[in-house]
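Remarks on the structure that follows.
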Amino acid sequence: MKVSLGSWPTPLEPAPRLAAALGLADLWFKRDDLGGLGAGGNKIRKLEWTLGAALADGAETVVTTGAPQSNHARLTAAAAARLGLNAVLVFPGEAGESRSGNLALDGLFGARVVWAGDRDRAQVAEEIVAEAGKAALIPFGGSNAVGARGYVEAARELKQQLPGLTTVVVALGSGGTMAGLVAELGPEHVLGVDTGALADPLPVVAQLAGEVAGVTIAADHLRVRRDQVGPGYPHFTEASAAALTLTARTEGVVLDPIYTGRAMAGLIAAAKDGSLGDRPIFLHTGGLPGFFGNPDAVAYAESSLS
Ligand SMILES: *Cc1c(COP(=O)(O)O)cnc(C)c1O
């Protein structure tokens with residue numbers, strides 16, 4: 001069972017000025033940042049399936065985990081509000097001073113936030129589910145075989161919007177988005193750009209994509225760039241900063257520092273080394289609240305004011 005949370009299909013838009021800047025014949029943006037609910041983003045498509053399953057199980061509370069600036073946690077909170085469910089978000093460590101970006105929106109959507117301290121956040125989440133009764137655990141990033149079906153649907157949309165597409169470029173975090181795309185399009189048509197959210201994402205994507213497609217997908221058939229992780233997941237890299245600036249100044253589109261900034265930096269690197277292919281599609285997975293929740297990204301943007 002699936003619940004309806006977004007506005008589909010999301011637009012597919014040409015990005016001619018960015019294409020020209022990169023020496024590409026054409027380039028397209030799939031605007032999954034414009035999904036409708038809760039300030040938008042790729043987690044909406046996964047939540048349509050994972051929350052559909054939770055509702056079918058009779059859940060009244062949903063519990064999930066993530067980093068404090070998790071877009072998935074924010075959209076879980078928004079979706080729970082839409083569906084009349086309670087949301088509990090479990091974050092690592094202690095509450096910090098900054099409550100900007102996604103965290104501020106979590107509060108606005110009425111979610112309960114639990115800080116796990118030095119305990120394992122997944123275990124804390126499981127305990128809350130067990131104690132709450134009529135509660136469902138939504139996986140980290142919404143990435144299980146149920147959630148990934150949302151990106152099988154997105155891939156079908158893309159095939160209708162741009163027959164003959166070659167490569168979809170996507171940020172790789174918890175893996176469900178890339179897995180759904182790979183299940184529908186085949187591994188050769190998806191280029192994942194690793195963000196460093198998982199220590200070893202390739203087996204995760206291969207396993208999930210295989211489960212969804214019902215065939216075995218070998219991890220070494222996946223196309224993944226791992227050159228954009230930099231000092232690690234939470235860091236705003238120079239290449240991501242350059243990608244934010246170029247995309248903003250050629251197309252008037254804002255990327256986020258952690259996911260779509262890295263994905264665009266990977267697309268730029270692939271365009272330069274000739275491995276991108278014709279007619280690439282950049283999947284814009286959202287993350288704008290994460291931009292405002294990242295002090296380095298905000299300071300970088302402010303420093304470009306003349
Ligand atoms: C979560 C997220 C991703 C990565 O998606 P996964 O399915 O976790 O790999 C990409 N972009 C944004 C903005 C996200 O929030």
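Numbers for residues simply follow the sequence, beginning at 1. Order of listing sets the numbers, starting from 1, for every ligand and every atom in it.
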Exercise for review: Please identify each residue that fulfils ring-ring contact (aromatic ring centres under 6.0 Å, His included) with Phe109, with sequence neighbours left out.
Suggested key: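 With neighbours one apart ignored, the set is empty.
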Check your understanding: Taking a hydrophobic cluster as the set of Ile, Leu, Val, Met, Phe, Trp and Tyr residues connected by side-chain heavy atoms closer than 4.5 Å, whether directly or through intermediates, do Phe292 and Leu244 fall within one such cluster?
Key ->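 Yes, Phe292 connects to Leu244 through the hydrophobic network.
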Review point. Got a sec, which pairs hit salt bridge (charged side-chain N to carboxylate O under 4.0 Å, His left out) with one end in residues 104-117, sequence neighbours left out?
Key: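 Of all non-adjacent pairs touching residues 104-117, none passes salt bridge (charged side-chain N to carboxylate O under 4.0 Å, His left out).
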Practice item. Classify the angle between the aromatic ring planes of Phe91 and Trp115 as parallel (below 30°), tilted (30 to 60°) or perpendicular (above 60°). Key: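 Rings of Phe91 and Trp115: tilted, 30 to 60°.
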Check your understanding: With under 30° as parallel and over 60° as perpendicular, where do the rings of Tyr233 and Tyr259 fit, or are they tilted in between?
Key ->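 The arrangement is perpendicular - the two ring planes meet at more than 60°.
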Side chains of residues 127-135: which donor-acceptor pairs under 3.5 Å do they make with residues two or more places apart or in other chains?
residue, atom, partner, partner atom, Å
Glu127, OE1, Arg119, NH1, 3.3
Glu127, OE1, Arg119, NH2, 3.4
Glu127, OE2, Arg119, NH2, 2.7

Review point. Listing by chain and number, which residues have a heavy atom under 4.0 Å from ligand 1?
Key: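 Residues Asn42, Lys43, Lys46, Asn71, Ser143, Ala171, Leu172, Gly173, Ser174, Gly175, Gly176, Thr177, Tyr259, Thr285, Gly286, Gly287 each place a heavy atom under 4.0 Å from ligand 1, listed by chain and number.
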